[in-house]
Amino acid sequence: MDEIMSNAHPKQLQKSDTEFKIVWQDGHESAFSFRSLRQECPCAVCRDEWTGKPLLDPESVPKDLGVKKAELVGNYAVAFLFSDGHSTGIYSFQALRGLCPCTTCKTRPK
Ligand SMILES: [Zn+2]
Ligand SMILES: [Zn+2]
């Protein structure tokens, strides 16, 4: 198993009223606001499948957007039911690890 994949395994998933938190196998923690998850939605409606170009206007996502339900997809991804009714995005843990909004990850060279 390569290193990136093993880093992208969650040890713990927590959903609060305001955010979705993942504690990774290596101890790293990522806290995502529901709004930022919705803005990064990888489904074909929100993002061009081939170019990866966002089709969703991030400003159109309500500031108080919530998540009604978070569900595991196999053991590699998680799907959210957002309060705006959108539920087609499947977020792989690998992608979520890449989206980690903490300063350490944000400042790390890609
Ligand atoms: Zn979407
Ligand atoms: Zn991070």
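Every value quoted in this text rests on a predicted model; they were computed, and no experiment measured them. Counting starts at 1 for both ligands and their atoms, following the listed order.
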Checklist entry - CZ of Arg97 to NE2 of His28: how many Å apart, nearest 0.5 Å? => result 5.0 Å
Checklist entry - Would the number of heavy atoms belonging to other residues, nucleotides or ligands and lying under 6.0 Å from CG of Asn75 be above 12? => result no
Checklist entry - Would Glu71 and Lys69 pass as an ion pair if we require N to O under 4.0 Å? => result yes
Item to check | Side-chain touch Lys15/Val67, heavy atoms, less than 4.5 angstrom | outcome: yes
Checklist outcome for this item: Any protein N, O or S atom under 2.8 Å from the Zn ion (ligand 2)? Found His28 NE2, Cys100 SG, Cys102 SG, Cys105 SG
Next on the checklist: Show the nearest heavy-atom pair for residues Gln39 and Val61, with the distance to one decimal.
Outcome noted: CG-CG2, 3.8 Å
Checklist entry - What protein N/O/S atoms are found closer than 2.8 Å to the Zn ion (ligand 1)? => result Cys41 SG, Cys43 SG, Cys46 SG, His86 NE2
Listing, residues 83-93 side-chain donor-acceptor contacts under 3.5 Å, not counting sequence neighbours, or none:
residue : atom : partner : partner atom : Å
Ser83   : OG   : Gly66   : N            : 2.8
Ser83   : OG   : Gly66   : O            : 3.4
Asp84   : OD1  : His86   : N            : 3.0
Asp84   : OD2  : Arg38   : NE           : 2.9
His86   : NE2  : Thr88   : OG1          : 3.3
Tyr91   : OH   : Leu37   : O            : 2.6
Ser92   : OG   : Ala95   : N            : 3.1

Checklist entry - By ring-ring contact (aromatic ring centres under 6.0 Å, His included), which residues pair with Phe20, not counting sequence neighbours? => result Phe80
Checklist entry - Minimum heavy-atom separation for Thr107 to Thr104, with atom names? => result OG1-O, 3.4 Å
Next on the checklist: Just verifying a value: how many Å separate Gln25 CD and His9 NE2, rounded to the nearest 0.5 Å?
Outcome noted: 7.5 Å
